[in-house]
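Here the structure is laid out as structure tokens; the discussion comes afterwards.
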Protein chains: 2
Amino acid sequence: MNRPARPPAGLRERKKAQTRRTIQEQALRLFLDQGYDNTTVGQIARAADVSSMTFFRHFPTKESVVESDDYDPLVVRLIEQRPPEETPLAALRHALQEGLAGVYATDREALFVRTRLILTTPALRARLWENQHATEEMLTTALAARCGQEPALRLRVTAAAALAALTAALTVWVEGDGEAHLPALVEEAFAALRP
Amino acid sequence: MNRPARPPAGLRERKKAQTRRTIQEQALRLFLDQGYDNTTVGQIARAADVSSMTFFRHFPTKESVVESDDYDPLVVRLIEQRPPEETPLAALRHALQEGLAGVYATDREALFVRTRLILTTPALRARLWENQHATEEMLTTALAARCGQEPALRLRVTAAAALAALTAALTVWVEGDGEAHLPALVEEAFAALRP
DNA sequence: ATAACTAAAGTTAGTGACTAACACGGAGTG
DNA sequence: CACTCCGTGTTAGTCACTAACTTTAGTTAT
């Protein structure tokens, strides 16, 4: 159970982490300033004061700088904690809402900017779907473990539909310039799944 | 209402269409032979006896050779023909099933090979999601037009969920080496959306 | 039929994402 | 203090894709 705020743990590692953070910050700044496609890896590297190679040592692709993907394990944990009598879909809905609530309360602005960047950049959007597929598999497994079933087609569909609902809500949220209440949008999106 | 089988319509156009077809055939052959990532555009061009530039004159990206996307307009037409008293989800289910039935009856083997190639190649899978997003918008619009509503969040979620169900069914179909009855899988996938 | 028009295809020379191979230098360890 | 390792820089590539220009060949008009 290693919570964040790990002790300094060695100068070398700290420097590495620092480099990584700097690259990511500069990348996001440049992407927002001049657009994703108009920004080259070389520019990012120069802004972070490293060589282009170092960029790829920390991030396998240009797209991967934008991702976070710290949510998946959190949501899986939340699913495990849902009462077992809940339907899979309800468990997913509550777990996703809980997970979102935290981010929404503390980092709403950052979430908005990042989401808009992703949804308006084709290359990043494509990457997003790929990640969703991985997330879908994790959710399916978590759901299957919860009620003893094996990960069948139906659970897969449920997980995929839940993620589709979440994405649709995020899309509408961004299209409305972030003025709507995101949790309410998510709730409405999930409502469309129980006709 | 130009049905296929258009008259020859000029030597130049025919030659162009022929070149395009050759490129696509050779590309698919090479992809299946040696894998997508191990095949370069230059190889495809050489196999089709054209220059690399010509490849990009016919297909904007290497990924786009694999797509067909002739389904979207067909499905939209099928949606418009569904009886108006059907729920949006039911209309989608029937339209997608009808559209699939045609391909499944005549081109099952080709559908299987192409689907497996896409689902097992990360770059193509990413592209698939992108296309699904476009499809989702068309379906949402079609659904909205059907029952006079405006394209709200709920319809978007419905369309996205339906596509997720279809994709899940296709995935399971491919994982089972194409031995299952695809329409039945689709039916089961949609069943998961009515709990 | 031949000349004039035009669109498809080739050629060349790039950019940018990403990789492999090797060298350097400072952080970790005895 | 020496020795090892690991993060980084350098160089030289490959491959997808683009732009500018030329060549070739189908089409059209004289």
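So that the names make sense, note that chain A is the first sequence line, chain B the second, and so on, each numbered from 1. Excluded from the calculations below are hydrogen atoms, water molecules and symmetry mates; all remaining heavy atoms, backbone and side chain alike, are included. Values in this document were obtained by computation on a predicted structure and should not be read as measured data.
- Note: CZ (A/Arg46) to P (D/dG9) measures 14 Å, nearest angstrom.
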Check the pair A/Arg125 / B/Glu130 against salt bridge (Lys or Arg N to Asp or Glu O under 4.0 Å), numbers first and verdict last. CA-CA 7 Å; A/Arg125 230 169 32 206; B/Glu130 262 306 279; 2.8 Å; yes
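- Across the protein-nucleic acid pair, B/Gln18 atom CD and C/dA7 atom P stand 22 Å apart, rounded to whole Å.
- To the nearest 0.5 Å, atoms CZ (A/Phe112) and OH (A/Tyr104) are separated by 10.5 Å.
- Between the side chain of B/Lys16 and the main chain of B/Leu11, no donor-acceptor pair closer than 3.5 Å is present.
- Side-chain N/O atoms of B/Ser51 include one lying less than 4.0 angstrom from OP1 or OP2 on C/dG10.
- With respect to B/Glu137 and B/Arg156, no salt bridge is recorded, no charged nitrogen being found less than 4.0 Å from a carboxylate O.
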Go through the steps to decide whether B/Arg82 and B/Glu98 satisfy the test salt bridge (Lys or Arg N to Asp or Glu O under 4.0 Å), and finish with yes or no. CA-CA 11 Å; B/Arg82 298 305 308 172; B/Glu98 274 183 63; 2.8 Å; yes
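- Taking atom CZ of B/Arg20 as the reference point, atom P of C/dA9 lies 12 Å away to the nearest angstrom.
- Of the charged side-chain nitrogens involved, at least one lies within less than 4.0 Å of a carboxylate oxygen, so that B/Arg127 and B/Glu67 count as a salt-bridged pair.
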Report, as a single string ordered 5' to 3', how protein heavy atoms within less than 4.0 Å touch nucleotides 15-28 of chain C: B base, S sugar-phosphate only, - not at all. -SSBBB-----BBS
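- No engagement by A/Ser52 is indicated, since no non-hydrogen atom pair under 4.0 Å with the nucleic acid exists.
- One atom, CZ of B/Phe59, and another, C1' of C/dA8, lie 15 Å apart when rounded to the nearest Å.
- Between A/His58 and the phosphate of D/dG7, there is no side-chain N or O to OP1/OP2 separation shorter than 4.0 Å.
- A/Asp49 places its CG atom 15 Å from the C1' atom of D/dG7, with the value rounded to the nearest Å.
- Here B/Thr54 does not reach the OP1 or OP2 of C/dA8: none of its side-chain N or O atoms lies under 4.0 Å away.
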